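Structure first, then comments.
The model shown is predicted, which means the values in this text are computed figures rather than measured ones. So that the names make sense, note that chain A is the first sequence line, chain B the second, and so on, each numbered from 1.
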Amino acid sequence: DAMVIQNPRYQVTQFGKPVTLSCSQTLNHNVMYWYQQKSSQAPKLLFHYYDKDFNNEADTPDNFQSRRPNTSFCFLDIRSPGLGDAAMYLCATSREGQGNQPQHFGDGTRLSIL
Amino acid sequence: SQQGEEDPQALSIQEGENATMNCSYKTSINNLQWYRQNSGRGLVHLILIRSNEREKHSGRLRVTLDTSKKSSSLLITASRAADTASYFCATVAGGTSYGKLTFGQGTILTVHP
């Protein structure tokens, strides 16, 4: 089945130690999104790629970076994680970038900071 | 800032009852979407309703949209224990060049067997 896969499901890192979360998709969608969802809160968009074009949300901290080496894969890099970055990170894809199509989500990576 | 506000924050019902969740938003929209999230999982798309539509159905789901009141409702009929989840509305703003989803705070639905 076509899907969005996030690895790992659970990630533990130390305060200040860089961490990378990965997302892959078999849907061949043009757009890939990264969301941050803190406990009992709504998902918040960090950034998205439309093909190779990167679009950062204005309030996304500089600590968060992303890479999309090809259509199928997208990575979220957190350069120096702080305690406030503990959250669920959700990857999503959509066929087009105007919001007229639903987004397809992976099951997320839950990040803990020690 | 969040576009949508959802009401109620939590809803507890018995199997077989109907569940209604409401969503309000502040600015003009292109469309409004509803998603379900089971505990510890990703979001699953339920329904997309465009700004020129007033009602949409999918199985046991019925969504209404009132753009004059900037509000939407999701009705789940004949609920099942498996419907237990968080439900989020999300809007795509009108006049934008890209489809950013802005989520409401969600409604936690618990359906008791």
Side-chain angles (χ1 to χ4, degrees), chain A residues 1 3-10 21 23 25 27 29-51 53-60 87-112, chain B residues 1-10 21 23-25 27-53 56 58 61 63 85-109:
Chain A
D1 287 341
M3 56 178 61
V4 181
I5 300 168
Q6 292 189 241
N7 284 305
R9 289 293 311 280
Y10 301 92
L21 310 181
C23 176
Q25 56 133 340
L27 297 161
H29 283 172
N30 295 100
V31 194
M32 295 186 78
Y33 307 83
W34 280 104
Y35 290 87
Q36 179 192 64
Q37 185 179 25
K38 294 189 176 180
S39 182
S40 301
Q41 294 186 20
K44 179 178 176 296
L45 182 65
L46 295 173
F47 26 58
H48 75 280
Y49 273 94
Y50 193 123
D51 293 326
D53 292 333
F54 177 71
N55 299 274
N56 199 30
E57 291 300 301
D59 56 355
T60 298
M88 174 80 92
Y89 290 88
L90 296 163
C91 174
T93 72
S94 69
R95 193 182 308 153
E96 51 82 73
Q98 279 70 50
N100 294 314
Q101 296 291 329
Q103 293 188 15
H104 300 259
F105 284 79
D107 275 338
T109 294
R110 184 168 296 281
L111 178 66
S112 300
Chain B
S1 61
Q2 294 295 333
Q3 166 81 307
E5 298 293 331
E6 294 188 55
D7 163 55
Q9 290 187 329
M21 289 159 264
C23 168
S24 62
Y25 56 91
T27 62
S28 67
I29 61 169
N30 176 302
N31 65 69
L32 185 144
Q33 303 178 31
W34 285 90
Y35 287 81
R36 184 187 76 229
Q37 185 177 34
N38 290 83
S39 181
R41 305 294 296 273
L43 282 78
V44 175
H45 180 263
L46 297 175
I47 287 186
L48 183 154
I49 186 165
R50 303 186 195 286
S51 60
N52 61 353
E53 297 176 310
K56 216 162 179 183
S58 176
L61 307 181
V63 167
S86 294
Y87 291 81
F88 292 92
C89 68
T91 54
V92 176
T96 60
S97 60
Y98 80 99
K100 174 181 176 178
L101 279 178
T102 303
F103 285 87
Q105 289 297 104
T107 293
I108 300 172
L109 173 66

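Between A/Q37 and B/F88 the shortest heavy-atom distance is NE2-CZ, 3.7 Å. Closest non-hydrogen pair, B/Q33 versus A/P102, comes out as OE1-CA, 3.9 Å. Nearest heavy-atom pair across A/A42 and B/G104 is CB-O, 3.0 Å.
For the set A/Q103, A/H104, A/R110, A/M88, the entry with the most heavy-atom pairs within less than 4.5 Å of chain B is A/Q103. Ranked by heavy-atom pairs under 4.5 Å with chain A, the first of B/G106, B/G40, B/S86 is B/G40.
By the 6.0 Å contact criterion, CZ on A/R9 is enclosed, its count of non-hydrogen atoms from other residues, nucleotides or ligands being greater than 12.
To the nearest 0.5 angstrom, A/N100 atom CG is 5.0 Å from B/N30 atom CG. Taken from CD in A/E57 to NZ in B/K100, the straight-line distance is 4.0 Å, to the nearest 0.5 Å. In this structure, OH in A/Y35 is found 5.0 Å from CZ in B/F103, a value given to the nearest 0.5 Å. Distance CG/B/L101 to NZ/A/K44: 14.0 Å, rounded to 0.5 Å. The structure places CZ of A/F105 at 14.0 Å from CZ of B/R41, a figure rounded to the nearest 0.5 Å.
Looking at B/L43, the atoms closer than 4.5 Å to chain A (heavy atoms on both sides) sit in the backbone and in the side chain alike. Neither the backbone nor the side chain of B/Q9 comes within less than 4.5 Å of any heavy atom in chain A. Proximity to chain B (any heavy atom under 4.5 Å) is shown, for A/E96, by neither the backbone nor the side chain.
No side-chain heavy atom of A/P43 sits under 4.5 Å from any side-chain heavy atom of B/Y35.
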